[in-house]
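Notes for the one structure printed next.
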Amino acid sequence: MQDLSTASRPDALPDTADPMFHAMQLEAETHEFYALELLDHLIHGVFPGRIALVSSFGAESAVLLDMVAQVNRHIPVIFLETGKHFTETLMYRDRLTSRLGLTDVRDITPEEDDLQASDSDGTLWRHSPDRCCHIRKVLPLERALEGFDAWITGRKRYQGGERARLPRVEAAEGRIKVNPLTDWSLREIRNVFKARDLPAHPLTKVGYPSIGCAPCTNPVISEEISRAGRWHGLGKTECGIHKPVPPTE
Ligand code: SF4
């Protein structure tokens with residue numbers, strides 16, 4: 001663990017060049033902030049013009065999109081348009097964008113050369129889902145985040161797996177990554193949907209509590225294991241844009 005004591009000395013400048021140290025500073029400064037306060041502080045105070053939201057426009061995405069829109073509806077929103085989404089997701093993306101007044105939703109697509117080289121018939125997901133996610137999600141996101149110092153995600157601890165140990169602010173591949181809803185419960189998410197009258201993703205009504213690409217998403221029986229329907233039977237739980245959270249001592 002690095003020494004954070006310099007953060008409270010008036011003559012000490014924050015070492016914002018080191019993302020790991022900067023993440024710990026931000027976590028310490030903001031740990032009592034509500035999610036909206038945290039977003040406002042980061043979007044307007046710490047990273048003006050240098051932070052983006054990455055959204056799947058999935059089952060729970062509306063809550064964070066609505067919060068960000070309340071703070072600044074012009075913030076860039078990156079949507080990884082893999083070419084494999086459900087039509088319902090694309091329609092929901094358009095509906096939410098319009099409803100929330102978001103002005104900078106960016107569809108980020110895979111490179112045509114990568115598709116031709118590795119997935120010319122579009123079935124790579126079937127025998128090599130990691131490679132498919134790499135060319136359709138990981139590489140496009142890396143390109144989309146160029147020029148940004150920080151990004152916001154909607155991951156929550158209750159989603160389980162690696163996410164069970166998720167901090168609110170972390171360092172990842174040279175940037176700050178912020179998870180404002182990490183300690184929220186599913187009940188709180190539902191309460192906000194109701195209180196803000198947010199539209200539901202149409203597939204949530206037919207058994208899909210977590211929604212990604214169509215070939216790799218199945219309905220599930222229990223909502224308590226919301227991501228169980230993702231990559232079912234493929235021995236995979238994350239697409240690769242989020243690296244594993246290091247274990248705590
Ligand atoms: S979720 Fe499935 S279809 Fe989408 S990029 Fe990953 S492997 Fe390919």
Side-chain angles (χ1 to χ4, degrees), residues 26 30 33-112 136-156 168-169 172-182 184 188-189 191-204 210-213 239 241-242:
L26 289 171
T30 64
F33 286 19
Y34 290 112
L36 259 179
E37 281 179 284
L38 176 67
L39 287 167
D40 187 36
H41 179 65
L42 297 175
I43 290 171
H44 293 133
V46 185
F47 300 108
R50 295 178 286 117
I51 188 167
L53 167 63
V54 177
S55 180
S56 65
F57 287 84
E60 298 161 353
S61 301
V63 170
L64 187 55
L65 285 160
D66 178 50
M67 283 184 165
V68 166
Q70 290 176 64
V71 172
N72 186 338
R73 63 191 176 88
H74 306 298
I75 189 173
V77 177
I78 293 170
F79 173 65
L80 297 174
E81 183 15 328
T82 61
K84 297 289 185 183
H85 284 291
F86 292 98
T87 304
E88 288 90 338
T89 297
L90 303 180
M91 292 170 63
Y92 186 59
R93 172 205 56 193
D94 293 345
R95 183 178 178 199
L96 272 182
T97 299
S98 169
R99 159 73 188 273
L100 301 176
L102 296 164
T103 64
D104 192 5
V105 175
R106 305 177 182 186
D107 279 4
I108 306 299
T109 56
E111 284 283 351
E112 196 53 44
R136 291 182 185 270
K137 291 186 172 182
V138 177
L139 293 180
L141 180 62
E142 280 176 12
R143 288 190 289 270
L145 286 176
E146 280 173 18
F148 292 105
D149 292 336
W151 52 300
I152 304 162
T153 91
R155 293 175 299 161
K156 276 85 61 183
R168 274 219 305 185
V169 184
E173 285 87 54
R175 291 186 178 85
I176 298 295
K177 190 154 62 166
V178 188
N179 314 298
L181 307 183
T182 185
W184 281 41
E188 288 173 292
I189 294 289
N191 287 345
V192 172
F193 261 96
K194 201 169 171 187
R196 299 282 300 166
D197 193 25
L198 296 171
H201 190 300
L203 293 179
T204 58
S210 177
I211 302 156
C213 294
C239 65
I241 66 171
H242 302 296

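Basis for what follows: all heavy atoms, side chains included, without hydrogens, waters or symmetry-related copies. Predicted, not measured: the structure shown is a model, and the values here were computed from it.
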I'd like to check Ser55 versus Leu64 (side-chain heavy atoms, cut-off strictly below 4.5 Å). Are they in contact?
no

Item to complete: Decide yes or no on side-chain contact (heavy atoms from CB on, under 4.5 Å) for Gln70 and Arg196, but give the supporting numbers first.
Response: CA-CA 11 Å; Gln70 290 176 64; Arg196 299 282 300 166; 3.6 Å; yes

Minimal heavy-atom distance between Asn179 and Arg155, with the atoms involved, is OD1-NH2, 3.0 Å

To the nearest 0.5 Å, atom CG of Leu141 lies from atom CH2 of Trp151 at 5.0 Å

Heavy-atom check, side chain of Phe33 versus side chain of Asp40, under 4.5 Å: no

Would you find a donor on one side and an acceptor on the other, under 3.5 Å apart, between the side chain of Arg93 and the backbone of Phe57? no

**Request:** Could you give me the CA-CA distance, side-chain angles and deciding distance for Asp149 and Ile176, then say whether side-chain contact (heavy atoms from CB on, under 4.5 Å) is met?
**Result:** CA-CA 6 Å; Asp149 292 336; Ile176 298 295; over 6 Å; no

Check: Does the ring centre of Phe79 sit less than 6.0 Å away from the ring centre of His85?
Finding: yes

For Gly83 and Arg136, the nearest pair of non-hydrogen atoms, with its separation, is CA-NH1, 4.5 Å

Arg99 meets the side-chain hydrogen bond (donor to acceptor under 3.5 Å, both in side chains) criterion, sequence neighbours left out, with none

Ala62 meets the side-chain contact (heavy atoms from CB on, under 4.5 Å) criterion, sequence neighbours left out, with Tyr92, Leu96, Phe193, Leu198

Check step by step if side-chain contact (heavy atoms from CB on, under 4.5 Å) holds for Ile75 and Leu39. CA-CA 11 Å; Ile75 189 173; Leu39 287 167; over 6 Å; no

Distance col, row Arg73:CZ vs Thr103:OG1, nearest 0.5 angstrom, shows 6.5 Å

Using only atom types and a distance under 3.5 Å, with no angle test, would you say the side chain of Arg175 pairs donor to acceptor with the backbone of Phe148?
yes

Handout entry: Min side-chain heavy-atom separation Val46-His41 under 4.5 Å
Key = yes

In this structure, CD1 of Ile152 is separated from CD1 of Ile51 (nearest 0.5 Å) by 4.0 Å

Test item: Leu181 and Glu60 side chains (from C-beta on) under 4.5 Å apart, heavy atoms: no

Is there a side-chain contact (heavy atoms from CB on, under 4.5 Å) between Thr89 and His201 once you walk through the steps? CA-CA 7 Å; Thr89 297; His201 190 300; 2.9 Å; yes

When rounded to the nearest 0.5 Å, the distance separating CG of Leu26 from CZ of Phe47 is 5.5 Å

Sorted by chain and number, sequence neighbours left out, salt bridge (charged side-chain N to carboxylate O under 4.0 Å, His left out) with Asp104 holds for Arg106

Heavy atoms of Thr30 and Arg168 approach each other most closely as O-NH2, 2.7 Å

Rounded to the nearest 0.5 Å, the CD1 atom of Ile43 sits from the CZ atom of Arg50 at a distance of 12.5 Å

task: Answer whether the closest heavy-atom distance between the side chains of Ile211 and Thr204 falls below 4.5 Å.
output: yes

Quiz item: Val54 versus Thr153: any side-chain heavy-atom pair under 4.5 Å?
Solution: no

Q.
When you compare the side chain of Arg143 with that of Glu111, does any pair of heavy atoms fall below 4.5 Å?
A. yes

Minimal heavy-atom distance between Ile108 and Pro140, with the atoms involved, is CG2-O, 3.5 Å

Distance col, row Lys177:NZ vs Leu145:CG, nearest 0.5 angstrom, shows 9.5 Å

Within a strict 4.5 Å, meaning less than it, do heavy atoms of the Pro202 and Phe86 side chains meet? no

